[in-house]
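Reckoned from all heavy atoms, side chains included, excluding hydrogens, waters and symmetry mates. Positions are given from 1 along the sequence.
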Amino acid sequence: INKSTNPAATDRIGGQETTPPVGLLPGETVVREGKATILFPSANEVFYNPVQEFNRDLTCAVITEFARDLLAQRGVKVVVPGEKERVVVSLSEEANEAGIQTEEKDGVEESAVTATVGEKCEHGLRVLEGLAASGLRSVRFALEVPGLQSVTANDFSTKAAALIGRNAQYNGVSHILQASCRDASMLMYEMRGKKDRYDVIDLDPYGSPASFLDAAVQAVSEGGLLCITCTDMAVMAGNSGETCYSKYGSVSIKAKYCHEMALRIILHSVDQRAGVYQRYIQPLLSVSVDFYIRVFVRVFTGQATVKNSASKQALVYNCVGCGSFHLQRMGRRTSNGKHMKYSAATGPPTGPECEHCGQRHQLGGPIWAEPIHDLAFVQKVLSGVSGNPSRFGTSKRIEGVLSMVTEELEDAPLYYTVDSLSSTVHCNTPPLLQFRSALLHAGHRVSLSHACKNAIKTDAPPAAVWDIVRCWEQANPVKREKLSPTSPAFKILSTKPSFETSTCPQFPSGPTDSCNEVDNNLLQHFKVQGVHKVSLQF
């Protein structure tokens with residue numbers, strides 16, 4: 001094959017000699033994604049999912065920022081093609097006295113070692129893709145993520161491993177990417193030694209990653225990055241709570257917030273497995289997209305910090321009638337001077353029957369109840385993508401999702417949806433942005449959620465949420481004679497709002513100025529997903 005038909009292959013990449021490109025076998029086809037050109041057999045012997053291009057683009061963006069932060073500590077400057085040089089202005093004591101500014105770029109002296117894409121970096125990251133299939137993701141890492149020492153693309157299938165080797169050679173990255181044909185768990189167990197661990201481990205299985213988590217939390221380096229995908233959403237979204245418990249140690253329940261709950265279930269599971277080895281997690285980014293969820297977490301070691309784990313998990317009490325929910329922490333920690341005191345949590349947070357509709361509660365969890373994103377890190381990823389939009393094919397969608405993520409309330413787990421709230425009382429659905437504005441006027445914090453287009457995240461208690469629903473119903477009356485006396489709607493609407501009529505939160509004719517930015521992010525995020533039914537008319 002001539003180089004004209006194989007744009008990914010060159011004589012030199014990153015200043016290093018590469019192996020000449022290989023040819024197509026009978027029946028093979030070529031798939032291009034990002035900077036990679038991948039060979040695929042015509043028969044679907046090796047799994048490829050083009051829908052997950054967004055997943056792979058986002059992962060390249062996240063690992064790039066992770067590498068930038070980590071390698072800066074090692075004196076290595078990361079260079080991304082097409083990216084404008086970032087300038088960080090610092091004032092040293094001497095320069096400050098003289099009134100002179102000295103500049104550092106990316107926090108690294110200009111004389112430092114630089115790392116570019118396609119070039120092997122001696123002090124760079126060691127990456128493992130445990131379930132690589134064709135090796136597309138790993139090839140993209142090698143071609144698009146700077147600062148890598150090595151990429152190991154592993155698959156249990158001998159045909160897949162052979163194809164990975166050919167694709168590495170075809171793209172001219174054999175000096176960075178090595179194919180492996182091993183059981184992923186056994187490979188990670190063998191690399192548990194401190195000197196052998198990987199800086200990044202990517203697990204993107206066809207189904208559940210549960211069986212790989214124990215090995216992964218041991219094989220990742222101190223402060224290393226785990227990238228985990230779950231596609232078994234039926235299990236994690238409440239269709240089979242008992243199966244979810246057997247895999248993740250948490251009972252899933254059917255609720256409107258099931259997608260965020262799924263994210264918190266996998267974070268709980270990873271943290272629980274890590275705790276066995278005196279390790280703990282720090283979530284960087286957690287997203288629910290299309291038919292799967294994806295989490296990026298760092299793993300650290302610390303016996304003292306691991307003791308906080310119980311207080312980071314919570315059970316969920318979910319009302320089957322009206323959808324109100326309460327969280328019950330699994331443990332309690334209080335500061336006692338320089339020491340932390342740990343004790344059993346007190347509860348329950350609600351009675352046996354819902355105080356709003358009189359129905360019973362379901363019990364779900366435990367789930368991760370702490371923040372699921374590191375907003376400072378997410379902002380770095382967002383800046384990197386928005387400043388270099390031609391780098392990824394799905395840049396616009398990444399910008400939309402991450403913009404929504406940066407606006408989410410960190411300390412308000414789960415969410416309500418305005419359509420389910422109005423459906424419960426059989427009234428017209430209030431516009432999403434007006435409902436949010438009413439919560440703001442009532443003195444509560446509120447945000448939208450990237451996981452659901454009609455979601456409302458708020459620190460308001462359920463009683464306050466239902467009070468606002470009652471205020472909406474007063475302006476849009478329901479025919480009470482049609483309601484059954486035993487229905488949640490009858491019970492909720494029979495209670496008067498705690499607000500006086502004159503002080504009932506208003507539903508303004510338009511969003512407040514402070515909300516315009518998140519409104520635009522909402523519209524951008526869901527338009528790029530092909531959803532255009534967000535009401536912006538007032």
Exercise for review: Please lay out, stage by stage, how Asp202 and Arg294 fare under the test salt bridge (charged side-chain N to carboxylate O under 4.0 Å, His left out).
Suggested key: CA-CA 11 Å; Asp202 191 304; Arg294 178 80 161 162; 2.7 Å; yes
Main-chain N/O of [Y] paired with [X] side-chain donor or acceptor, under 3.5 Å:
{"X": "Ser447", "Y": "Leu409", "result": "yes"}
{"X": "Ser250", "Y": "Tyr245", "result": "no"}
{"X": "Arg470", "Y": "Ile492", "result": "yes"}
{"X": "Lys457", "Y": "Ala412", "result": "yes"}

Atom [atom1] of [X]: over 12 foreign heavy atoms under 6.0 Å:
{"X": "Lys256", "atom1": "NZ", "result": "no"}
{"X": "Phe300", "atom1": "CZ", "result": "yes"}
{"X": "His259", "atom1": "NE2", "result": "no"}
{"X": "Met191", "atom1": "CE", "result": "yes"}

What closest approach, in Å, do [X] and [Y] show between heavy atoms, and which atom pair accounts for it?
{"X": "Ala153", "Y": "Leu177", "result": "CB-CD2, 4.0 Å"}
{"X": "Ala369", "Y": "Leu327", "result": "CB-CD2, 4.3 Å"}
{"X": "Leu285", "Y": "Val62", "result": "CD2-CG2, 4.0 Å"}
{"X": "Pro462", "Y": "Phe325", "result": "CG-O, 3.8 Å"}
{"X": "Met188", "Y": "Ala219", "result": "O-CB, 3.3 Å"}
{"X": "Arg197", "Y": "Arg192", "result": "NE-O, 3.0 Å"}

Does [X] reach the side chain of [Y], with side-chain heavy atoms less than 4.5 Å apart?
{"X": "Gln313", "Y": "Gln272", "value": "no"}
{"X": "Arg333", "Y": "Lys312", "value": "yes"}
{"X": "Val51", "Y": "Asp290", "value": "yes"}
{"X": "Ile372", "Y": "Arg264", "value": "yes"}
{"X": "Lys307", "Y": "Met340", "value": "no"}
{"X": "Ile266", "Y": "Leu213", "value": "yes"}
{"X": "Leu226", "Y": "Leu203", "value": "no"}
{"X": "Asp69", "Y": "Phe377", "value": "yes"}

Distance, nearest 0.5 Å, that separates [atom1] of [X] from [atom2] of [Y]:
{"X": "Ile367", "Y": "Glu260", "atom1": "CD1", "atom2": "CD", "answer": "7.5 Å"}
{"X": "Glu353", "Y": "Gln359", "atom1": "CD", "atom2": "CD", "answer": "8.5 Å"}
{"X": "Phe435", "Y": "Cys471", "atom1": "CZ", "atom2": "SG", "answer": "10.0 Å"}
{"X": "Leu433", "Y": "Leu440", "atom1": "CG", "atom2": "CG", "answer": "10.5 Å"}
{"X": "Ser309", "Y": "Tyr342", "atom1": "OG", "atom2": "OH", "answer": "10.5 Å"}
{"X": "Ser221", "Y": "Leu70", "atom1": "OG", "atom2": "CG", "answer": "7.0 Å"}

Exercise for review: Could you please spell out the steps behind the side-chain hydrogen bond (donor to acceptor under 3.5 Å, both in side chains) verdict for Glu222 and Thr301?
Suggested key: CA-CA 7 Å; Glu222 181 66 16; Thr301 305; 2.8 Å; yes
Can you see whether [X] engages [Y] through a side-chain donor-acceptor pair at a distance of less than 3.5 angstrom?
{"X": "Trp472", "Y": "Ser422", "value": "no"}
{"X": "Tyr257", "Y": "Asn318", "value": "yes"}
{"X": "Asn154", "Y": "Thr152", "value": "no"}
{"X": "Ser240", "Y": "Glu242", "value": "yes"}
{"X": "Tyr248", "Y": "Ser208", "value": "yes"}

Practice item. Report the C-alpha separation of Arg68 and Glu83 in whole Å, then their side-chain angles, then the decisive distance to 0.1 Å, and conclude whether the salt bridge (charged side-chain N to carboxylate O under 4.0 Å, His left out) test is met. Key: CA-CA 13 Å; Arg68 194 192 307 274; Glu83 183 178 80; 3.1 Å; yes
Exercise for review: For Phe392 and Phe54, run ring pair (Phe, Tyr, Trp, His ring centres under 6.0 Å): C-alpha distance rounded to whole Å, both residues' side-chain angles, the deciding distance at 0.1 Å, then the answer.
Suggested key: CA-CA 9 Å; Phe392 301 117; Phe54 172 84; over 10 Å; no
Review point. Could you walk me through whether Ser286 and Trp368 pass the side-chain hydrogen bond (donor to acceptor under 3.5 Å, both in side chains) check?
Key: CA-CA 12 Å; Ser286 309; Trp368 177 265; over 6 Å; no
Review point. Parallel, tilted or perpendicular: which fits the ring planes of His361 and Tyr317, with parallel below 30° and perpendicular above 60°?
Key: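 Aromatic pair His361/Tyr317 classed perpendicular.
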Lys/Arg N to Asp/Glu carboxylate O, [X] vs [Y], below 4.0 Å:
{"X": "Arg329", "Y": "Glu370", "answer": "yes"}
{"X": "Arg397", "Y": "Asp57", "answer": "no"}
{"X": "Asp411", "Y": "Arg445", "answer": "yes"}

Practice item. Please name the residue in the list Asp199, Leu58, Val200, Val381 that meets the side-chain contact (heavy atoms from CB on, under 4.5 Å) test with Ile63. Key: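 Answer to the side-chain contact (heavy atoms from CB on, under 4.5 Å) test with Ile63 among Asp199, Leu58, Val200, Val381: Val200.
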Point to revise | salt bridge (charged side-chain N to carboxylate O under 4.0 Å, His left out) partner of Glu129, the single match among Arg56, Arg137, Arg140 | key: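 The salt bridge (charged side-chain N to carboxylate O under 4.0 Å, His left out) with Glu129 is passed solely by Arg137 among Arg56, Arg137, Arg140.
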Review point. Quick one: does NZ or CZ of Arg126 land under 6.0 Å from the six-membered ring centre of Tyr198, within 45 degrees of the ring axis?
Key: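 Verdict for Tyr198: a cation-pi partner in Arg126.
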